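The structure under discussion appears below in the form of structure tokens.
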Amino acid sequence: MTPTIIESVRCFITRPDRHNLVTVRITTNKGVTGHGCATFQQRPLAVKTMVDEYLVPLLVGRDANDIEDLWQMMNVNAYWRNGPVTNNAISGIDMALWDIKGQLAGMPLYQLWGGKARAAIAAYSHASGETLEALYQSVDKLLDKGYRHIRCQLGFYGGTATRLNTPDNPAQGAYYSQQEYMANTVEMFRALREKYGHRFEILHDVHERLFPQQAIQLVKQLEPFSPYFIEDVLPPHQCAWLEQLRQQSCVPLALGELFNNPAEWHDLIVNRRIDFIRCHVSQIGGITPALKLAALCQAFGVRLAWHGPGDMTPVGVAVNTHLNIHLHNAAIQEFIPRSSATDALFPGAPEVKLGYIYPPEAAGHGVSFDEALAEQYPLVYRPHEWTQSRLPDGTMHTP
């Protein structure tokens, strides 16, 4: 192939809705432009600095065809590696390079990688409510749209406590009761099965809110209700407890949205301690490592359920979709509806149709970016109080 020279790399931060979205654009000497998702909404300026000050000098003048070599170079250039800021910055570059390669080949990404493993990927979205009746209304809306996999939460992560006993002058934070959350979650599953039977698959996100033995107790109590999976039952630094959990329950487990480093997922996969990997593609460095992770997972019977929150660009949604269409062990995709402002900013993003997401058919990942419109939505930073989760006595707990 004749070289495709990188002429410029630009990083944009825009906030068309409630999230700061980070997008990388690469232009080449062949007139082909690619875009990638680098969103780390809690630290967007850190990612932009990483791209502008450290990756641009490495990349301008290089051949965009050499994705593997460029990824390895960006990964080790700082010597220390595998952090969320660096990985998201690399991801923005990596996705843009794959977008360019797909356009040069005249193929959508899933075709570039070897074609379809399925026609569409099943999607799930979130239903929640402070009461069971409010939750039922949220579930019914998703059922009416064709979803047959629904993540159900009674209150926010950790539940909404009604019987908190806090000390005087408690520190600022999002307080919750572990015991009340556990009891309410078991009751929620029981009520959902009584009302809906097996009309849809129930998913639930613990979001690391429990201590290990509490997590084991909860999963054992949920087993009669046949969850599709329970997500983030433990934080990454307590994953050794999963061996004990596996010995006591057959409930499917999903984990990984906080992972940055291959060392965090390798043993969990090889020892079959999880059923679904939930990595956030930009958080692990983009498409290049995601393809390798998927191959490792397939060898050990672990299925893919990429993280798909609202705080990612539609470019990231499209990339997840292409991965899901191509990869044989893809199982399901989280999907959060977007605002009309976000869709206008990123034309071509995939949508859910009767519970399924279909891939874009344009060359590359298929999503564009309106730079002029992005200027109308400048960055607005907020401190993200929800991550300051606390137990009743004020102890900070993983969010």
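Being a predicted model, the structure only gives us computed values, none of them experimental.
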Test your reading of the model: is there a side-chain donor-acceptor pair from [X] to the backbone of [Y], 3.5 Å cut-off?
X	Y	result
Asp205	His207	yes
Gln111	Pro108	no
Arg272	Val302	no
Arg209	Tyr157	yes
Asn87	Gln283	yes
Thr14	Pro378	no
Asp94	Ile287	yes
Arg278	Trp306	yes
Arg148	Leu143	yes

Please check if any side-chain donor atom of [X] sits under 3.5 Å from a side-chain acceptor atom of [Y], or the reverse.
X	Y	answer
Glu68	Gln72	yes
Glu334	His126	yes
Thr162	Glu180	yes
Ser282	His280	yes
Tyr147	Glu201	no
Lys145	Ser125	no
Ser128	Ser138	no

From [atom1] ([X]) to [atom2] ([Y]), nearest 0.5 Å:
X	Y	atom1	atom2	result
Ile67	Trp98	CD1	CH2	4.5 Å
Leu304	Ile332	CG	CD1	12.0 Å
Leu132	Asn184	CG	CG	8.5 Å
Thr398	Leu258	OG1	CG	8.5 Å
Thr27	Ile5	OG1	CD1	12.0 Å
Arg338	Asp343	CZ	CG	4.5 Å

Are side-chain heavy atoms of [X] and [Y] found at a separation under 4.5 Å?
X	Y	answer
Pro359	Thr321	yes
Leu234	Cys239	no
Leu323	Trp113	yes
His307	Met312	no

Using 30° and 60° as the class boundaries, would you call the ring planes of [X] and [Y] parallel, tilted or perpendicular?
X	Y	value
His204	Phe189	perpendicular
Phe346	Phe369	tilted
Tyr381	His384	perpendicular
Tyr124	Phe229	perpendicular

Shared hydrophobic cluster, [X] / [Y] (ILVMFWY, side-chain heavy atoms < 4.5 Å):
X	Y	result
Leu291	Val315	yes
Val352	Ile336	no
Val32	Leu97	yes
Leu112	Ile325	no

Next item on the list: Kindly indicate, with the supporting measurements, whether the criterion side-chain contact (heavy atoms from CB on, under 4.5 Å) is fulfilled by Asn75 and Asn82.
Entry: CA-CA 8 Å; Asn75 186 48; Asn82 294 319; 4.1 Å; yes
[X], [atom1]: over 12 other non-hydrogen atoms inside 6.0 angstrom:
X	atom1	value
Asp144	CG	yes
Tyr196	OH	yes
Arg62	CZ	no
Arg43	CZ	no
Phe300	CZ	yes
Lys353	NZ	no

Notebook entry, point to check: Given Asp17 and Tyr377, is the side-chain contact (heavy atoms from CB on, under 4.5 Å) satisfied, shown in steps?
Noted result: CA-CA 8 Å; Asp17 198 356; Tyr377 303 107; over 6 Å; no
Next item on the list: Assess the pair Phe276 and Tyr228: is the distance between their ring centroids shorter than 6.0 Å?
Entry: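 Ring centres of Tyr228 and Phe276 closer than 6.0 Å.
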Checklist line | From CA spacing to verdict: side-chain contact (heavy atoms from CB on, under 4.5 Å), Val186, Leu222 | finding: CA-CA 6 Å; Val186 174; Leu222 294 179; 4.1 Å; yes
Note to self: Evaluate Arg246 against Glu243 for salt bridge (Lys or Arg N to Asp or Glu O under 4.0 Å), listing each step before the verdict.
What the structure shows: CA-CA 5 Å; Arg246 287 297 234 186; Glu243 181 177 7; over 6 Å; no
